[in-house]
Amino acid sequence: NCGLPYHIGDVIAEFNDLLVASINNFACRLKIDVRTFSEVTKINKEVKSVCYRDLTTGNDYETDYDYLVLSPGASPIKPELPGFDSDRVFTLRSIPDAQKIRELIEESEFSDINPLHCVVIGGGFVGVEVAENLVHRGMQVTIIEGQSHIFPGVLDDEMSNTVEYHLKSRGINIVSGDAFTHFEDSEGGLIAHTENGKRLPSTFAVIAVGVKPEAQLAEDAGLELGLGGSIKVDEYMQTSDPNIYACGDVCEVKNFVTKQPSLVPLAGPANRQGRLVGDNIAGKIKRKSRGVQGTCVCGLFDMTLAATGCSERHLNEAGIPFKSIYLHPLHHVKYY
């Protein structure tokens, strides 16, 4: 998923390059039975079985389990606001999502004199990476962020100012501290409206305002839920049912710094949790999750942004005292 914006930007031209594992790889190397186009419809935790539907035939099946692992991830939030049902408004979670955006760009006639416009709603990682890659395609881009600055969950004001200046120098228009309200159809595109009365024309729009855990199956099964509708797990990644584990973006995790429940939808913690769950089901020694720091790295043109732990905002919200230090070191000798 991390490569999807770069597929839109043609940095990764072939979508097959985004596939890190195949069904054949799982079947031949690991003897794992992978059933694609199969949607789980119900968990029967009392009898330890799951019901699922083969989407190619419409037939329903039931299969037993000793242990069940829930890892459905999280889905993009798409607020119910006017204009969001337009076929020119996209979210980005899967390869087909990225291909739809690529197709629209490639079917459009545009040039330096007559460029395509895109409005990106949300100034987090996905939104900013999409904006960067659309600039690579020769498009004009506006990011709308309702908070006071972009990367509100990661950066404090001092750092975000530098990042925003860098993005603006590359031609990206940033509208921050002004919430998006709705889309209006226009000839050949959309007009994005904000609370402060801005009207921003665009050919299409990408919604990147965050994700929500895909926990409906767990809720229907009566499993205990946690923060933001996520699945509540213990330090061994077990749910309220000892035979059901959960891992990845669908889970509530413990913040390593604040020790408070948190949602951290990042690939690194998800991979670690998956390995931990596998060890705890199959291994002789139980392994505990020590919590998540939320370490992240993002490339922005020729700048690299990285963060780990808590921002000042999060520490203030948690009531944890802290001190700040600002460094501006050179990464080479001055005469270079």
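Side chains are part of it too, since the values below use all heavy atoms of this structure and drop only hydrogens, waters and symmetry mates.
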**OP:** Without swapping roles, check the side chain of D279 against the backbone of G283 for a donor-acceptor pair under 3.5 Å.
**Re:** no
Original post:
Is K45 atom NZ crowded by more than 12 heavy atoms from other residues, nucleotides or ligands, each under 6.0 Å away?
Top reply: yes
**OP:** Salt-bridge test for R53 and D60: reply yes if a basic N is under 4.0 Å from a carboxylate O, no otherwise.
**Re:** yes
**OP:** State plainly whether one hydrophobic cluster holds both V135 and F90, where clusters connect Ile, Leu, Val, Met, Phe, Trp and Tyr through side-chain heavy atoms under 4.5 angstrom apart.
**Re:** yes
**OP:** Would you please test L4 and I95 for side chain to side chain contact (heavy atoms under 4.5 Å, CB included) and show each step?
**Re:** CA-CA 7 Å; L4 292 176; I95 289 175; 3.9 Å; yes
Subject >> Smallest separation among heavy atoms of S148 and S176, with atom names >> reply: O-OG, 3.4 Å
Subject >> Donor + acceptor pair across side chains of D10, H136 (<3.5 Å) >> reply: no
**OP:** Check the side chains of H166 and D302 for a donor-acceptor pair under 3.5 angstrom, ignoring hydrogens and angles.
**Re:** yes
**OP:** Any chance you could measure R272, atom CZ, to L266, atom CG, to the nearest 0.5 Å?
**Re:** 13.0 Å
Subject >> Atom of C310, atom of V257 and distance for their closest heavy-atom approach >> reply: SG-CB, 3.8 Å
**OP:** Grab the two heavy atoms, one from G3 and one from I12, that are nearest each other, plus how far apart they are.
**Re:** O-CD1, 4.0 Å
Original post:
Should we say atom NZ of K100 is surrounded by more than 12 heavy atoms from elsewhere, each under 6.0 Å from it?
Top reply: no
**OP:** Spell out, yes or no, whether Y236 and V253 are grouped together once hydrophobic residues are joined by side-chain heavy atoms under 4.5 Å, including indirect joins.
**Re:** no
Original post:
So how far is it from N133 CG to H7 NE2, rounded to the nearest 0.5 Å?
Top reply: 11.0 Å
Original post:
With a 4.5 Å limit on heavy-atom distance, are the side chains of I231 and P213 in contact?
Top reply: no
**OP:** Anything under 30° is parallel, anything over 60° is perpendicular, the rest tilted; go ahead and classify F180 against F183.
**Re:** tilted
Original post:
Does any N or O in the side chain of T181 come within less than 3.5 Å of the main-chain N or O of H193, such that one atom is a donor and the other an acceptor?
Top reply: yes
Original post:
Any side-chain heavy-atom pair from D185 and L190 closer than 4.5 angstrom?
Top reply: yes
Original post:
Checking R137 side chain against I8 main chain: does a donor-acceptor pair fall under 3.5 Å?
Top reply: yes
Original post:
Under 3.5 Å, is there a donor-acceptor pair between the E312 and N316 side chains?
Top reply: no
Original post:
Rounded to the nearest 0.5 Å, what separation is found between the CG atom of L68 and the OH atom of Y245?
Top reply: 11.5 Å
**OP:** State plainly whether one hydrophobic cluster holds both V292 and V277, where clusters connect Ile, Leu, Val, Met, Phe, Trp and Tyr through side-chain heavy atoms under 4.5 angstrom apart.
**Re:** no
Original post:
Residues two or more places apart in sequence or in another chain: which of them pass side-chain hydrogen bond (donor to acceptor under 3.5 Å, both in side chains) with S169?
Top reply: none
Subject >> S240 and its side-chain contact (heavy atoms from CB on, under 4.5 Å) partner, picked from L225, D234, L223 >> reply: L223
Original post:
Does some side-chain heavy atom of D178 sit less than 4.5 Å from a side-chain heavy atom of E195?
Top reply: yes
Subject >> Donor-acceptor pair, side chain of E132 and main chain of F301, under 3.5 angstrom >> reply: yes
Subject >> Lys/Arg-Asp/Glu bridge criterion (N-O < 4.0 Å) met for R199, E184 >> reply: yes
Original post:
Closest approach of N280 and K286, non-hydrogen atoms and distance?
Top reply: O-NZ, 3.0 Å
**OP:** Quick one: pull up CD in E252 and OG in S262 and give me the separation to the nearest 0.5 Å.
**Re:** 8.5 Å
Original post:
Are any of the side-chain nitrogens in D54 or R35 under 4.0 Å away from the carboxylate oxygens of its partner?
Top reply: no
Subject >> Derivation and outcome, side chain to side chain contact (heavy atoms under 4.5 Å, CB included), residues I144 and K198 >> reply: CA-CA 10 Å; I144 302 176; K198 286 187 172 64; over 6 Å; no
Original post:
With a cut-off of under 6.0 Å to the ring centre and 45° to the axis, is K259 in cation-pi contact with F256?
Top reply: yes
Subject >> Interatomic distance, S202 atom OG to I191 atom CD1 [nearest 0.5 angstrom] >> reply: 8.5 Å
Subject >> Criterion side chain to side chain contact (heavy atoms under 4.5 Å, CB included) on F204 and L134, from CA distance to verdict >> reply: CA-CA 11 Å; F204 66 95; L134 293 177; 4.2 Å; yes
Original post:
Yes or no on side chain to side chain contact (heavy atoms under 4.5 Å, CB included) for F151 and E145, after CA distance, side-chain angles and deciding distance?
Top reply: CA-CA 9 Å; F151 295 113; E145 171 55 58; over 6 Å; no
Original post:
Which pair of heavy atoms, one from M237 and one from S289, lies closest together, and at what distance?
Top reply: SD-CB, 4.1 Å
**OP:** Taking side-chain hydrogen bond (donor to acceptor under 3.5 Å, both in side chains) as the test, write out the residues that go with H117, two or more places apart.
**Re:** Q140
Original post:
Can you tell me how far CE of M159 sits from OH of Y326, rounded to the nearest 0.5 angstrom?
Top reply: 10.5 Å
Subject >> Over 12 non-hydrogen atoms of neighbours within 6.0 angstrom of OH in Y65 >> reply: yes
Original post:
If Ile, Leu, Val, Met, Phe, Trp and Tyr residues are connected whenever their side-chain heavy atoms lie under 4.5 Å apart, and connections chain through other members, are V211 and I143 in the same group?
Top reply: no
**OP:** Give a yes or no answer on whether the side chain of N44 reaches the backbone of V47 with a donor-acceptor pair at less than 3.5 Å.
**Re:** no
Subject >> Within 6.0 Å of NE2 in H332, more than 12 heavy atoms from elsewhere >> reply: yes
Original post:
Is T91 reaching over with its side chain to a backbone N or O of P76, donor-acceptor style, under 3.5 angstrom?
Top reply: no
Original post:
Linking I/L/V/M/F/W/Y whenever any side-chain heavy atoms sit under 4.5 Å apart, do F125 and V130 land together?
Top reply: yes
Subject >> Any donor-acceptor pair under 3.5 Å from R88 side chain to T203 backbone >> reply: yes
**OP:** Indicate yes or no for a side-chain donor-acceptor contact from T239 to the backbone of I244 under 3.5 Å, with no hydrogens or angles considered.
**Re:** yes
**OP:** Measure the shortest side-chain to side-chain distance between L217 and V50 over non-hydrogen atoms and say whether it is less than 4.5 angstrom.
**Re:** no
Original post:
Is D97 reaching over with its side chain to a backbone N or O of R93, donor-acceptor style, under 3.5 angstrom?
Top reply: yes
Subject >> Reference residue L167; test side-chain contact (heavy atoms from CB on, under 4.5 Å); the match among V141, N173, V128 >> reply: V128
Subject >> Exceeds 12 heavy-atom contacts within 6.0 angstrom, atom NZ of K42 >> reply: no
**OP:** Please answer whether the main-chain N or O of F84 pairs with a side-chain N or O of K78 as donor and acceptor at a distance below 3.5 Å.
**Re:** yes
Original post:
What are the two closest heavy atoms between H314 and G153, and how far apart are they?
Top reply: CE1-O, 3.0 Å
Original post:
Has E14 got more than 12 heavy atoms of other residues, nucleotides or ligands less than 6.0 Å from its CD?
Top reply: no
